[in-house]
A.B. asks: 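One structure follows; several queries about it will come next.
Order of the sequence lines fixes the chain letters, A, B, ..., with proteins taken first and strands second; residue numbering starts at 1 for each chain.
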Number of protein chains: 2
Amino acid sequence: MGVVERKERERELRSESIIDAAERIFFDKGFEHATMNDVAEEAELSKGALYLYFHSKNELCMAILQRSLLILKGIFKSLKGNNNQTGIEKFPELASEFINFTKQYPNHYNALLSYREHRENCPVTGKIIKSTIEENRNINNIISEIIRAGQIDKTIKTDIDADKLSLALWGNFTGIMPSSILSEKVMPNFNPEDIIEYHFQLLINAIRT
Amino acid sequence: MGVVERKERERELRSESIIDAAERIFFDKGFEHATMNDVAEEAELSKGALYLYFHSKNELCMAILQRSLLILKGIFKSLKGNNNQTGIEKFPELASEFINFTKQYPNHYNALLSYREHRENCPVTGKIIKSTIEENRNINNIISEIIRAGQIDKTIKTDIDADKLSLALWGNFTGIMPSSILSEKVMPNFNPEDIIEYHFQLLINAIRT
DNA sequence: GTCACCAAGTGACCAATGGTCATATTTTGT
DNA sequence: ACAAAATATGACCATTGGTCACTTGGTGAC
């Protein structure tokens, strides 16, 4: 009797459909101005029901953020799987794929950047937090594997520390673009892509064999 | 009769003392859990009075953030003014000075990272926002001037784009460290400084003559 | 078929808080 | 001395994240 399994599946579906609704509401109104009542209405549920699936508004945001990480993981994974390019050729692709991501999923990108904001109001023990950290680890691993592949095919210097470089790149992704938002009219001639691409160019010179 | 001038000065002092109080409260309780009543009490004013000086809680946070930028500007300025080092020697100092800043002023560093969170809830036209953007521009200019000085003393390649590199570095500062918070146990062997320093090492190889 | 049980869902309700505004106090210029 | 202007007060309001006593409907035992 698969009742338990079916219920589990249904619970998962409900949970996903709540996140769907939350995305629509949060992306539309912005996190601060969106209310849990809005989300409840959009999800065709009562407010109380939301709290059967998520501990807080912040945790619901973390669930959206997790989706962003999953999207990114998919992107980098398929870059890694592409066997027509050498490691060093894939390197600038990391940048351009990320830029594509920010353009194709601006709201999810935005959610990604709001990590700090929501993270600190969520319990450390939560399942969502744990899997968010896990996804982040996965992404970093994929990036460093791409770098290591370049070392194996001898297009990237072997003395490069793939793990550290991978973290540095991730830092770029979550830093450079916001910095350009921060800078606003600081350097009106440049857009974020210019900066990211230029930075990667410099790094290529430092890591290629 | 300098009454107007005196009033202006007093207003400025009041404003600063409110920011002082807000720093104590926000840094202690965290932005989310601190209330404007707390701040008012700490500033020995009524809540209403706070709003004579700042339009909103978010704008008050931006005032704190502005102080962070001023601190950083001072740090980079004195690095720039040091005439005992060549440009390329100053380059890694940018990283270590920033790391020092994060350790010496963890709360202000934290405030800096919360830019996005508060910025989007402030009116674009506000005086505080404008001067925040201005300070950010100043910092970027100082960094690029340091790089250009290295090109003049011939320790940094002349074909390096100082403006772009400066923005990329700023992106690092606001990205790498948070990424390591994000990553949390992703790479437990490394701490943020390792990553920042490694990254700068790679860049040095790319830009030195 | 019936009935006790329990997970799922409801929505009125609460406490907390950002922000306002009529009123009060202090300072200024005359 | 006094009116006008600037500054400050704090009761008050609207909003909202979160709770909980209660309802609903499916489930499985008999």
A.B. asks: Does B:H55 or A:R11 map to a spot on DNA chain C nearer the 5' end, using the closest nucleotide for each?
C.D. replies: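 The residue closer to the strand's 5' end, by nearest nucleotide, is A:R11.
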
A.B. asks: How would you label the contact of B:F54 with the nucleic acid (heavy atoms, under 4.0 Å): base, sugar-phosphate, or nothing?
C.D. replies: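 Contact class for B:F54: none.
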
A.B. asks: Rounded to whole Å, how long is the line connecting atom CE of B:M36 with atom P of D:dT9?
C.D. replies: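 The answer, rounded to whole Å, is 14 Å.
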
A.B. asks: In whole Å, I'd like the distance from the CD atom of B:E44 to the C1' atom of D:dG10.
C.D. replies: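 After rounding, the reported distance stands at 17 Å.
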
A.B. asks: Could you state the interatomic distance from CD (B:E97) to CD1 (B:I75), rounded to the nearest 0.5 Å?
C.D. replies: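 Reported value, rounded in 0.5 Å steps: 6.5 Å.
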
A.B. asks: Write down the distance between CD (B:E8) and P (C:dT28), rounded to a whole number of angstrom.
C.D. replies: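 The distance from CD of B:E8 to P of C:dT28 comes to 14 Å, rounded to the nearest Å.
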
A.B. asks: Distance criterion of 3.5 Å, no angle test: do you see the side chain of A:K47 paired donor-to-acceptor with the base of D:dG17?
C.D. replies: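 Such a pair exists between side chain and base.
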
A.B. asks: Could you tell me the separation between the NE2 atom of B:H118 and the C1' atom of C:dG18, rounded to a whole number of Å?
C.D. replies: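 So the NE2-C1' distance, B:H118 to C:dG18, works out to 14 Å.
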
A.B. asks: For A:F91, run the side-chain contact (heavy atoms from CB on, under 4.5 Å) check against A:I146, A:L169, A:I143 and tell me which one passes.
C.D. replies: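 Only match with A:F91 under side-chain contact (heavy atoms from CB on, under 4.5 Å): A:L169.
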
A.B. asks: Once you round it to whole Å, what is the distance between P of C:dG18 and CZ of B:F26?
C.D. replies: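 So the two atoms are 8 Å apart, to the nearest Å.
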
A.B. asks: Is it true that B:H118 and B:F31 have ring centroids separated by less than 6.0 Å?
C.D. replies: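 Between B:F31 and B:H118, which both carry aromatic rings, the centre distance is below 6.0 Å.
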
A.B. asks: Mind checking A:A43 for me? I need base, sugar-phosphate or nothing, with any heavy atom below 4.0 Å counting as a touch.
C.D. replies: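 The answer is nothing, as A:A43 stays clear of every strand by at least 4.0 Å.
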
A.B. asks: Below 4.5 Å, heavy atoms only, C-beta onward: do B:Y198 and A:I160 meet side chain to side chain?
C.D. replies: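 SC-SC contact between B:Y198 and A:I160 confirmed.
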
A.B. asks: Please tell me if B:Y53 has a side-chain N or O lying less than 4.0 Å from either OP1 or OP2 of D:dA8.
C.D. replies: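 Checking D:dA8 against B:Y53, a side-chain N or O does come within under 4.0 Å of OP1 or OP2.
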
A.B. asks: For DNA chain D, whose closest nucleotide is more 5', that of A:A49 or that of A:T35?
C.D. replies: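 Of the two residues, A:T35 wins.
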
A.B. asks: So which one's nearest nucleotide on DNA chain C is more toward 5', B:A34 or B:K7?
C.D. replies: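 First, find each residue's nearest nucleotide; the 5'-ward one identifies B:A34.
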
A.B. asks: Calculate the interatomic distance between B:K29 atom NZ and C:dA16 atom C1'; express it in whole Å.
C.D. replies: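 In whole Å, C:dA16 C1' lies 12 Å from B:K29 NZ.
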
A.B. asks: Has A:R6 got a side-chain N or O lying under 4.0 Å from the OP1 or OP2 atom of D:dT27?
C.D. replies: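 A:R6 to D:dT27 OP1/OP2: side-chain N or O found under 4.0 Å.
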
A.B. asks: Among C:dG18, D:dG17, C:dG11, which nucleotide has an atom closest to any side-chain atom of B:K57?
C.D. replies: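 When the side chain of B:K57 is considered, C:dG18 is the closest of C:dG18, D:dG17, C:dG11.
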
A.B. asks: Please give, in whole Å, the distance from C:dA15 C1' to B:H33 NE2?
C.D. replies: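 Computing the B:H33:NE2 to C:dA15:C1' distance gives 14 Å.
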
A.B. asks: Is there a side-chain contact between B:K47 and B:Y51 (heavy atoms, below 4.5 Å)?
C.D. replies: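 Heavy-atom side-chain distance check passes, below 4.5 Å.
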
A.B. asks: Phosphate oxygens OP1/OP2 of D:dT7: is one of them under 4.0 Å from a side-chain N or O of B:R14?
C.D. replies: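 Answer no for this pair, as no side-chain N or O of B:R14 is under 4.0 Å from OP1 or OP2.
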
A.B. asks: Could you state the atom-to-atom distance from OH of B:Y51 to C1' of D:dT7 in whole Å?
C.D. replies: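 It works out to 18 Å between those atoms.
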
